[in-house]
Engineer: 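Have a look at this one before I ask anything.
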Amino acid sequence: MIGLGIEGTAHSIAVGVVKKEGRKCKVLSNLIKIYRPEQGGIHPREAANHHANNVADLIKESVEKSEVSFEDIDLVSFSQGPGLGPCLRTAATAARALSLSLERPLMGVNHCVAHIEIGRGTLDNCKDPILLYTSGANTQVIGFAEGKYRVFGETLDIGIGNCLDKFGRAVDLEFPCGPKIEKLALNGEKYLNLPYTIKGMDIAFSGLLTAAMQYFKSGEKLEDICYSIQETTFAALTEVTERAMAHTEKKQVLLGGGVAANKRLRGMVKTMAEERDASFFVPAKDLCIDNGAMIAWLGVLMHNSGVRMSVENSFIDQRFRTDMVDVTWRE
Ligand code: AMP
Ligand code: MG
C-alpha cells in the first residue's frame, strides 16, 4: 500500500509518500517547506497563506521524487490536529481535494501519534517505546497502554522549543533559536540556578524563561545562560521520561520533534536509558521534525486496521489530544 501524507500543523507544510513493506515503512519521498516569520513568532494566517502557496507544488514534487505516479497512491492522509486552525485547514483542504480528484480514501491523523509511529515504522527493533516528544509547540511523554497512547507527562505552559525560541528572540538570536542556543551552550562554564518545575509528571517552562531573561538583563554571560537553560530543562524532561519508563516497565525510549536534534538532550536521555538497560532510538532528522511521511504512515496503519473517514467528517481539531485516538492497529 502506498500513502501520501500532508502535514500542516504549524510552521511547516510538508508532503511525504510512503510504502508499507510488511510491518515496516519505506519512505519514498519527504519534502518540506518552512514558513519563517520576518520577526516575532508564527502568525497563523500568514503561515497558512505560505502553506496554501506551496502545497500544490510540494505534492507534485513529492510524487515525482517518490517515482510513483498519482494513480499508484492508495490513500491520502493529513494532519488533523493539534495545531493552528488556519494551517490545519489549509492542509486538510488540499488533502480533501486530492482525495476527491484521485478517488482515493482520505484519513485525518493525530500529529503527535504520527511522531511515535514513524519511529516504530522505520527503526529496527523500536517496538514499544516511551516517546519523549519535544517540538516547538508540543512537549509530551507518551506511551502505549490499554489501547491508547497515554500522555504520562506534558508541559503545563509552553513547549520546550517555544521556550528556547522565546529566550532566543529576547536576546536577538535568529529563528529557530534552538540550534544557536545549543552552540552557545558548548562554551558555557558556569551553571546558573533556574527554576526546575515538575508537578506530578508535568513540566512548566515559563518561570525558567523569565528567570533566564533576568539573568541576561543583569549581565550574565549568554553562553552560561544557554548552558543553564539546557541543563535544567533537559534534565527535567529526562526525569519525567524515566519515571514514565519505570511506571510502565518499558525498555525502550524514542525521541521525536525538532528539539530532538539537540546533542545534549540526546546524550542525557541516552545515558538514562543505558543506566536502566533500555534501548535508545532517534529517527532520521527529516523524520524527527514535522514531516509528511509520518502523516502518510499513520494513515496507512489506520486504514489497514479498518478505520475509515468520509470527507464530510474530516474536520480539523486544533486541540486533538494524543489520548483521544483509539489505537486500532496495535495489539
Ligand atoms: P518542530 O516544532 O518539531 O518542527 O521543532 C521546531 C523546534 O525545534 C524549534 O523550536 C527549534 O528551535 C527547535 N530546535 C531545532 N533544532 C534544535 C537544536 N539543535 N536544539 C534545540 N532545539 C532545536
Ligand atoms: Mg511535531
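What's counted below: heavy atoms across the whole structure, side chains too, no hydrogens, waters or symmetry copies. Whatever order the structure lists them in is the order used to number ligands and atoms, beginning at 1.
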Engineer: Among all protein non-hydrogen atoms, which one is nearest to atom 12 (O) of ligand 1, and what is the separation to 0.1 Å?
Structural biologist: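 For atom 12 (O) of ligand 1, the nearest protein heavy atom comes out as Asp165 OD1, 2.8 Å.
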Engineer: Salt bridge or not for Glu231 and Arg264, using N-O below 4.0 Å?
Structural biologist: yes
Engineer: What residue and atom, counting heavy atoms only, is the protein's closest point to atom 20 (N) of ligand 1, and at what distance?
Structural biologist: Asn262 ND2, 3.0 Å
Engineer: Under 4.0 Å between a side-chain nitrogen and a carboxylate oxygen: does that hold for Lys251 and Asp128?
Structural biologist: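 No, no charged N to carboxylate O under 4.0 Å.
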Engineer: Can you list the atoms of ligand 1 that are under 4.0 Å from a heavy atom of Gly161?
Structural biologist: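 So the atoms of ligand 1 that pass are 10 (O).
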Engineer: Show which atoms of ligand 1 fall inside a sub-4.0 Å distance from at least one heavy-atom site of Cys177.
Structural biologist: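 Per the distance check, 12 (O).
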Engineer: What atoms of ligand 1 come closer than 4.0 angstrom to any heavy atom of Pro176?
Structural biologist: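 Counting atoms of ligand 1 from 1, those under 4.0 Å from Pro176 are 11 (C), 12 (O).
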Engineer: Mind checking whether Tyr35 and His50 have parallel, tilted or perpendicular rings, split at 30° and 60°?
Structural biologist: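 Tilted, since the angle between the ring planes falls between 30° and 60°.
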Engineer: Got an N, O or S from Tyr133 under 2.8 Å of the Mg ion (ligand 2)?
Structural biologist: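 An N, O or S atom of Tyr133 is closer than 2.8 Å to the Mg ion (ligand 2), so yes.
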Engineer: Can you tell which of Pro179, Cys288, Ala185 gets a heavy atom nearest to atom 16 (N) of ligand 1?
Structural biologist: Pro179
Engineer: Measure the spacing between CD of Gln230 and CD1 of Ile160 and express it to the nearest 0.5 Å.
Structural biologist: 8.5 Å
Engineer: Mind telling me whether Phe175 and His11 have parallel, tilted or perpendicular rings, with 30° and 60° as the class edges?
Structural biologist: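 Because their plane-to-plane angle is over 60°, the rings of His11 and Phe175 count as perpendicular.
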Engineer: To which protein heavy atom is atom 13 (C) of ligand 1 closest, and what is the distance rounded to 0.1 Å?
Structural biologist: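 For this ligand atom, the closest protein heavy atom is Val259 CG2, 3.8 Å.
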Engineer: For ligand 1, which atoms have a heavy atom of Leu164 less than 4.0 angstrom away?
Structural biologist: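 The atoms of ligand 1 under 4.0 Å from a heavy atom of Leu164 are 21 (C), 22 (N).
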Engineer: Output the list of atoms in ligand 1 that are nearer than 4.0 Å to some heavy atom of Gly257, sorted by atom number.
Structural biologist: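 This gives 3 (O) as the contact atoms.
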Engineer: So, Cys112 and the Mg ion (ligand 2): N/O/S under 2.8 Å, yes or no?
Structural biologist: no
Engineer: Can you tell me which residue and heavy atom of the protein come closest to atom 15 (C) of ligand 1, and the distance to 0.1 Å?
Structural biologist: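 For atom 15 (C) of ligand 1, the nearest protein heavy atom comes out as Gly258 O, 3.4 Å.
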Engineer: In the protein, which heavy atom is nearest to atom 7 (C) of ligand 1, and how far is it?
Structural biologist: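 Scanning the protein heavy atoms, the shortest distance from atom 7 (C) of ligand 1 goes to Gly136 N, 3.8 Å.
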Engineer: Can you say whether the rings of Tyr149 and Trp329 are parallel (under 30°), tilted (30 to 60°) or perpendicular (over 60°)?
Structural biologist: tilted
Engineer: Within the structure, does His11 bring an N/O atom to less than 3.5 angstrom of an N/O atom in ligand 1?
Structural biologist: yes
Engineer: Could you identify the N, O or S atom of Asp290 positioned closest to the Mg ion (ligand 2)?
Structural biologist: OD1
Engineer: Give the numbers and elements of all ligand 1 atoms closer than 4.0 Å to a heavy atom of Glu182.
Structural biologist: 18 (C), 19 (N), 20 (N)
Engineer: Kindly give the heavy-atom pair with the smallest separation between Leu255 and Cys288, and that separation in Å.
Structural biologist: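 Taking every non-hydrogen atom into account, O-SG, 4.2 Å.
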Engineer: Tell me which protein heavy atom sits closest to atom 23 (C) of ligand 1, plus the residue, atom name and distance to 0.1 Å.
Structural biologist: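 For this ligand atom, the closest protein heavy atom is Gly178 CA, 3.6 Å.
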